[in-house]
K.L.:
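One structure coming up, written as structure tokens, with questions to follow.
All values below were derived from every heavy atom in this structure, side-chain atoms included, with hydrogens, water molecules and symmetry-related copies excluded. Counting convention: from 1, in listed order, for ligands and their atoms alike. Since this is a predicted model, take the numbers as computed values, not measurements.
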Amino acid sequence: MSLLLPSPSLLPKEETNFRQNSLIFDASFLQNETTIPQQFMWPEDEKPHHELPPPQLRVPPIDLNDFLTGDPLAVRNAARLVDAACRKHGFFQVVNHGIDQSLVNEAHKIMDRFFGMPLLEKQKAQRKVGEYCGYASSFTNRFSSKLPWKETLSVRYSTDPLCSNLVQDYFLKVMGDDFSHLGRICQEYCEAMSRLSLRIMELLGMSLGIGQSYFRDFYEENDSIMRLNYYPRCQKPDETLGTGPHCDPTSLTILHQDNVGGLEVFVDDKWHSIAPCSEAFVVNIGDTFMALSNGLYKSCLHRAVVNSHTPRKSLAFFLSPKMDKVVCPPKALMVDDENNQRIYPDFTWSTFLEFTQKHYRADKNTLEAFSNWLNNGRK
Ligand SMILES: C=C1C[C@]23C[C@@]1(O)CC[C@H]2[C@]1(C)CCC[C@@](C)(C(=O)O)[C@H]1[C@@H]3C(=O)O
Ligand SMILES: O=C(O)CCC(=O)C(=O)O
Ligand SMILES: [Fe+2]
């Protein structure tokens, strides 16, 4: 029985790895084969072969409760830790964040339920080519090589009052009434993450020395993405990747990983793991915030590896500004000792999102490629 069915290409072929043939990825079948299809095998220099387990990246745990008490010493300390981490690699963790642990647990439960369903059921929410919401099994309909060993379910969240139940309505529309619980949990989770992002934005404003409200106000209205990542067991974990090396094109990512482990970050020329911690969220700076901070805070290369024994789940909230808001650093961050340097051109999230969905597969160079594309008249 073959699960790899060719179908005609719909996407432009600017990138060789954009879709030429469509495959069907059903992990419940594939993970019991002795090998994996070659489309999942990554090139030698990107394969995750570790002779030894990678060293752990020590990401500072920031106590948000301490920060919120407003105690000057606690605020200064949190801002200092965040500043050092963001100038170097852009990764830190938040603890005592005020998010109800039972909401996080519920979100993990609905992931188990959703990804445990038969492929045909999940495909009711099938993500369409060129769109960023819905279910994608390994992006088989989007790319033709370096396929990630994962399934994802993504949904748009917006603070626009006209979209007050966007997340829940999406699931009701595509999956039907049986999924109203899943929809409600995802809606609540996004609302909680949007609030948490604004608190983190206050912290980033302080650490960059431009005051507590600047970035909070910038992202108060946001158009973000929630993504559920499910990484099935893989019989050849050294040949493939769950999520390939990339920097997030979005502004800020808040990630909750289960206790399996698999998130890795490229720092000081080597891959480091970030150990799971159920009470913490891993936070990282994305390309859009890197541009907004005029390159001061880094959006760092990361990936997710898979393993042969335990499926893994992670829950990502990708904060993004309103679609048409111009991303331009505040004046205070453009003044350099010698001159006023701008590193990236002005852009909107809507253009950047389109770039990653239609023209460029997000990787380590997305922001640079996007800047060149803009500077060259979008060619
Ligand atoms: C805007 C986005 C594109 C990706 C999802 C996201 O919401 C933020 C990160 C991007 C991604 C995860 C980076 C790695 C490659 C990618 C194709 C993936 O493996 O999921 C990216 C997402 C995408 O759908 O293009
Ligand atoms: O699953 C993970 O740990 C990371 C996923 C990721 O980097 C992403 O979805 O952008
Ligand atoms: Fe990422």
Side-chain angles (χ1 to χ4, degrees), residues 11 15 17-19 40 42 46 48 57 59 90-91 93 108 111 127-143 145-157 222-232 240-266 271 273-277 281-289 299-307 311-321 323 349-367 370:
L11 269 174
E15 282 282 311
N17 62 15
F18 267 126
R19 183 174 86 148
F40 291 90
W42 283 65
E46 289 182 282
L57 186 67
V59 272
F91 273 79
Q93 308 192 62
H108 278 278
M111 285 175 84
R127 175 172 169 176
K128 299 196 182 70
V129 174
E131 287 181 8
Y132 64 92
C133 292
Y135 168 74
S137 58
S138 192
F139 302 140
T140 49
N141 60 345
R142 221 176 135 200
F143 308 121
S145 66
K146 301 205 276 184
L147 293 182
W149 194 267
K150 72 172 166 188
E151 299 173 51
T152 62
L153 180 63
S154 315
V155 63
R156 174 179 169 216
Y157 168 77
N222 63 74
D223 204 315
S224 302
I225 301 166
M226 175 182 181
R227 172 175 272 211
L228 318 183
N229 291 313
Y230 180 75
Y231 303 97
T240 193
L241 284 166
T243 298
H246 68 283
C247 302
D248 294 337
T250 37
S251 296
L252 189 79
T253 305
I254 306 184
L255 186 89
H256 191 270
Q257 46 172 345
D258 67 10
N259 58 13
V260 177
L263 173 62
E264 295 186 354
V265 186
F266 197 69
W271 289 102
S273 60
I274 295 196
C277 169
F281 288 98
V282 176
V283 178
N284 70 275
I285 302 292
D287 292 341
T288 300
F289 195 86
S299 167
C300 185
L301 192 63
H302 58 285
R303 68 182 184 184
V305 300
V306 291
N307 70 76
R312 170 171 183 262
K313 290 177 279 144
S314 72
L315 211 50
F317 181 79
F318 298 106
L319 178 77
S320 298
M323 289 287 177
W349 169 240
S350 125
T351 316
F352 199 10
L353 180 62
E354 183 195 338
F355 182 71
T356 66
Q357 299 307 300
K358 302 207 175 129
H359 304 282
Y360 193 90
R361 178 180 183 174
D363 64 6
K364 60 172 187 249
N365 294 320
T366 320
L367 182 56
F370 177 57

K.L.:
At under 4.0 Å between heavy atoms, is it the side chain or the backbone of Ser314 that contacts ligand 2, or both, or neither?
P.N.:
side chain

K.L.:
Could you tell me if any non-hydrogen atom of His246 lies under 4.0 Å from any atom of ligand 2?
P.N.:
yes

K.L.:
Do Met226 and Leu228 have side chains that approach each other closer than 4.5 Å (heavy atoms only, starting at C-beta)?
P.N.:
yes

K.L.:
Hey, is there an N, O or S on His302 sitting under 2.8 Å from the Fe ion (ligand 3)?
P.N.:
yes

K.L.:
With the side chain counted from C-beta on, respond yes when Val265 and Leu301 share a heavy-atom pair under 4.5 Å apart, and no when they do not.
P.N.:
no

K.L.:
Would you mind running through ligand 2 and noting each atom that sits below 4.0 Å from a heavy atom of Leu263?
P.N.:
3 (O), 4 (C)

K.L.:
Check the angle between the aromatic planes of His108 and His256 and answer parallel, tilted or perpendicular using the 30° and 60° thresholds.
P.N.:
perpendicular

K.L.:
Evaluate the side-chain proximity of Gln257 to Ile274: yes if any heavy-atom separation is below 4.5 Å, no if none is.
P.N.:
yes

K.L.:
Check each atom of ligand 2 against the heavy atoms of Leu255 and keep those under 4.0 Å away; list them by number with element.
P.N.:
3 (O)

K.L.:
Checking one value in my table: which N/O/S atom of His246 lies closest to the Fe ion (ligand 3)?
P.N.:
NE2

K.L.:
Closer than 4.0 Å to some heavy atom of Phe318 - which atoms of ligand 2 meet that?
P.N.:
8 (C), 9 (O), 10 (O)

K.L.:
Measure from the side-chain N and O atoms of Ser224 to the backbone N and O of Ser320, and report whether any donor-acceptor pair falls under 3.5 Å.
P.N.:
yes

K.L.:
Classify the contact between Arg142 and ligand 1 as side chain, backbone, both or neither, using a heavy-atom distance cut-off of under 4.0 Å.
P.N.:
side chain

K.L.:
Which atoms from ligand 1 have a heavy atom of Phe139 less than 4.0 Å away?
P.N.:
17 (C), 18 (C), 19 (O), 20 (O)

K.L.:
List ligand 1 atoms under 4.0 Å from Gln357, heavy atoms only on the residue side.
P.N.:
3 (C), 23 (C), 24 (O), 25 (O)

K.L.:
Quick one: does ligand 2 sit under 4.0 Å from the side chain of Thr253, the backbone, both or neither, non-hydrogen atoms only?
P.N.:
neither

K.L.:
Do the side-chain N and O atoms of Lys150 and Ser138 include a donor-acceptor pair separated by under 3.5 angstrom?
P.N.:
no

K.L.:
Go through ligand 1 atom by atom and flag the ones less than 4.0 Å from a non-hydrogen atom of Ile225.
P.N.:
7 (O)

K.L.:
May I ask you to decide if the ring planes of Phe355 and Phe370 are parallel, tilted or perpendicular, using 30° and 60° as cut-offs?
P.N.:
tilted

K.L.:
Report the atom name of the nearest N/O/S atom of Asp248 relative to the Fe ion (ligand 3).
P.N.:
OD1

K.L.:
Is it the side chain (CB and beyond), the backbone, both or neither of Thr152 that lies under 4.0 Å from ligand 2, heavy atoms counted?
P.N.:
neither

K.L.:
Need the ligand 1 atom indices (1-based, order shown) with element for anything under 4.0 Å from a heavy-atom of Leu353.
P.N.:
1 (C)

K.L.:
Going by the atom numbers of ligand 1, which of them fall below 4.0 Å from some non-hydrogen atom of Ala362?
P.N.:
13 (C), 15 (C)

K.L.:
Would Thr152 and Asn229 count as having a side-chain donor-acceptor pair, cut-off 3.5 Å?
P.N.:
no

K.L.:
From the options Lys313, Arg227, Arg312, His256, select the one whose nearest heavy atom is closest to atom 3 (O) of ligand 2.
P.N.:
Arg312

K.L.:
Is it possible for you to check whether Arg312 lies under 6.0 Å from the centre of the six-membered ring of Tyr230, through NZ or CZ, and within 45° of that ring's axis?
P.N.:
no

K.L.:
Distance under 4.0 Å to a non-hydrogen atom of His302: what atoms of ligand 2 satisfy this?
P.N.:
7 (O)

K.L.:
For atom 9 (O) of ligand 2, what is the nearest protein heavy atom, given as residue, atom name and distance?
P.N.:
Asn229 ND2, 3.3 Å

K.L.:
Does Tyr132 have a heavy atom less than 4.0 Å from any atom of ligand 1?
P.N.:
no

K.L.:
Does Gln257 approach ligand 2 within less than 4.0 angstrom via side chain, backbone, both or neither, non-hydrogen atoms only?
P.N.:
neither

K.L.:
Among all protein heavy atoms, pick out the one at the shortest distance from atom 9 (C) of ligand 1; state its residue, atom name and that distance to 0.1 Å.
P.N.:
Pro249 CD, 3.6 Å

K.L.:
Between His246 and His302, is there a side-chain heavy-atom distance shorter than 4.5 Å?
P.N.:
yes

K.L.:
Which residue and atom name correspond to the protein heavy atom nearest atom 5 (C) of ligand 2, and how close is it?
P.N.:
Tyr231 OH, 3.5 Å

K.L.:
Taking the side chain as C-beta and beyond, is there a heavy-atom pair between Asn307 and Tyr231 under 4.5 Å?
P.N.:
no

K.L.:
Looking at side-chain heavy atoms only, is the closest gap between Leu255 and Phe281 below 4.5 Å?
P.N.:
no

K.L.:
Do Val129 and Asn141 have side chains that approach each other closer than 4.5 Å (heavy atoms only, starting at C-beta)?
P.N.:
yes

K.L.:
Just go through His246, Arg227, Arg127 and tell me whose heavy atom is the nearest to atom 22 (C) of ligand 1.
P.N.:
Arg227

K.L.:
Side chains of Trp349 and Thr288: does their closest heavy-atom pair fall under 4.5 Å?
P.N.:
yes

K.L.:
Are the side chain of Thr240 and the backbone of Phe40 linked by a donor-acceptor contact shorter than 3.5 Å?
P.N.:
yes

K.L.:
Pull out every atom of ligand 1 sitting under 4.0 Å from any heavy atom of Lys150, numbered as shown with elements.
P.N.:
18 (C), 19 (O), 20 (O)

